[in-house]
Amino acid sequence: MLSVLRRAAAGRLAVVPLLLFVAVAFGIPAVAMAHGAFYTNTATSAPGTASTFTTGNITASLQGGYLTALTGSVKLSAVSALIGTVGGLLLAQAVVTSRFKALRHAVLSASGVLANFGGVPLAFAFIATLGNAGVLTTHLHLKDAGWSLYTFWGLTLVYLYFLVPLMVLSVLPSLDGLRRQWREAAQNNGATLWQYWRHVALPVLAPSLLGGFVLLFGTAFAAYATAAAMVGASVPLITLQIANALNGNVAADASNVALAMSLDMVVIAALVMVVYLPLQRRSARWLV
């Protein structure tokens, strides 16, 4: 009994460094962000004036151009995450059913690299390829057909470059968890391939797919460098608005409004996670 208690105590102590890291890396910035979002900025106040509680920053972050940028980011993230989820699932399923192990290793290696390839280099690569004077744009005369990379759908295409590989890495373990006996049982009972996926595979994979969608949504929602280097202000995004507010490009000093917009992003991410977590626990009963 004493040894069990000692092992339990040692297990709790082992978690302490992780909790300290989370508190320092995430807790302190979150508290500072929440404080700044609900208080006035002392830098713009009269000398000796203390900051006061206010909801004006939150109200301002949900009005005008800020609200347009927030809805634009949600729309862009949802659309790109949905397309990335479907595309990643199809690619991962093709890898799982392939008989060539070299293909699996190649796809996984490429996905690991491409999932982390973003920012200014990615924007430059697409501008050189599909921009107004890009190689493909010029040779295929895409500009005459109305194509423009610097639009909502152009940015969606760029985001899919790293979202689809990220989805492949996320959903591949779940596809490996689908038991062959389930498909054989469905076939023995006269089910078609579509019926198997509709009534067996997709319900089991649904929590994992939703988890992948949440991951892709959060990645696209927080992306900044690629959009800033490629579209600038032509596509309204909340991350670009936060940068403009911090740099004073929108108002003389809107840093507290920028913190309020950041809090809006945290709230949206939290709401998405609330939907995901119960379904993830449900899928754990099957994919073991």
Side-chain angles (χ1 to χ4, degrees), residues 26 29-45 51-85 118-120 122-123 126 148-160 162-163 210 213-277:
F26 297 98
V31 171
M33 177 182 62
H35 179 272
F38 286 101
Y39 281 85
T40 58
N41 193 343
T42 55
T44 59
S45 304
S51 60
T52 58
F53 178 84
T54 179
T55 58
N57 298 322
I58 298 294
T59 303
S61 69
L62 298 175
Q63 292 180 348
Y66 297 141
L67 180 59
T68 302
L70 181 61
T71 55
S73 288
V74 172
K75 180 181 177 182
L76 175 65
S77 302
V79 171
S80 58
L82 180 61
I83 299 175
T85 299
V120 177
L122 178 61
F126 268 88
S148 177
L149 182 66
Y150 314 111
T151 60
F152 175 88
W153 290 109
L155 191 57
T156 300
L157 176 64
V158 176
Y159 278 18
L160 291 177
F162 56 85
L163 291 181
L210 182 58
F213 174 84
V214 171
L215 178 62
L216 268 58
F217 180 91
T219 302
F221 195 54
Y224 166 73
T226 302
M230 202 178 80
V231 299
S234 60
V235 178
L237 297 175
I238 189 65
T239 51
L240 303 182
Q241 284 288 356
I242 292 174
N244 291 333
L246 290 175
N247 294 330
N249 297 334
V250 180
D253 189 359
S255 58
N256 286 66
V257 179
L259 292 174
M261 288 188 285
S262 302
L263 186 60
D264 295 337
M265 295 182 64
V266 172
V267 170
I268 292 176
L271 291 177
V272 175
M273 289 300 298
V274 166
V275 177
Y276 161 66
L277 290 176

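We number each residue from 1, following the sequence as shown.
- Here the side chains of N57 and L263 are not in contact, with every heavy-atom distance at 4.5 Å or above.
- Using cut-offs of 30° and 60° on the angle between ring planes, the pair Y159 and F162 is tilted.
- In this structure, the separation between CD1 on I58 and CZ on F38 is 4.5 Å, given to the nearest 0.5 Å.
- Legend: residues meeting side chain to side chain donor-acceptor pair (under 3.5 Å) with S61, ordered by chain and number and at least two apart, are D264.
- Here the CG atom belonging to L149 is positioned 7.0 Å from the CG atom belonging to L157, to the nearest 0.5 angstrom.
- To the nearest 0.5 angstrom, F217 atom CZ is 11.5 Å from L82 atom CG.
- Rounding to the nearest 0.5 Å places CG of L215 at 11.5 Å from CG of L210.
- Partners of L67 under the side chain to side chain contact (heavy atoms under 4.5 Å, CB included) rule, at least two apart in sequence or in another chain, are T71.
- Closest heavy-atom contact between G65 and Q241: O-NE2, 3.9 Å.
- In this structure the side chain of T156 reaches within 4.5 angstrom of the side chain of W153, judged on heavy atoms.
- The shortest side-chain heavy-atom distance between V235 and L240 does not fall under the 4.5 Å cut-off.
- Residues forming a side chain to side chain contact (heavy atoms under 4.5 Å, CB included) with T239 (at least two apart in sequence, or on another chain): Y224, L237, M265.
- Here the CG-CD1 distance, from L216 to I83, works out to 11.0 Å after rounding to the nearest 0.5 Å.
- Within the 3.5 Å criterion, the main-chain N or O of S77 finds a donor-acceptor partner in the side chain of S80.
- The two residues L259 and G36 have their closest heavy-atom pair at CD1-CA, 3.5 Å.
- Residue Y39 comes nearest to T54 through the heavy atom pair C-CG2, 3.9 Å, listed as atom of the first residue, atom of the second, then distance.
- The two residues M230 and V158 come nearest to each other via the heavy atoms SD-CG2, 3.6 Å.
- Here CE of M261 is found 5.0 Å from CD1 of I238. Values are rounded to the nearest 0.5 Å.
- Across all non-hydrogen atoms, the minimal contact from T226 to G119 is OG1-N, 2.8 Å.
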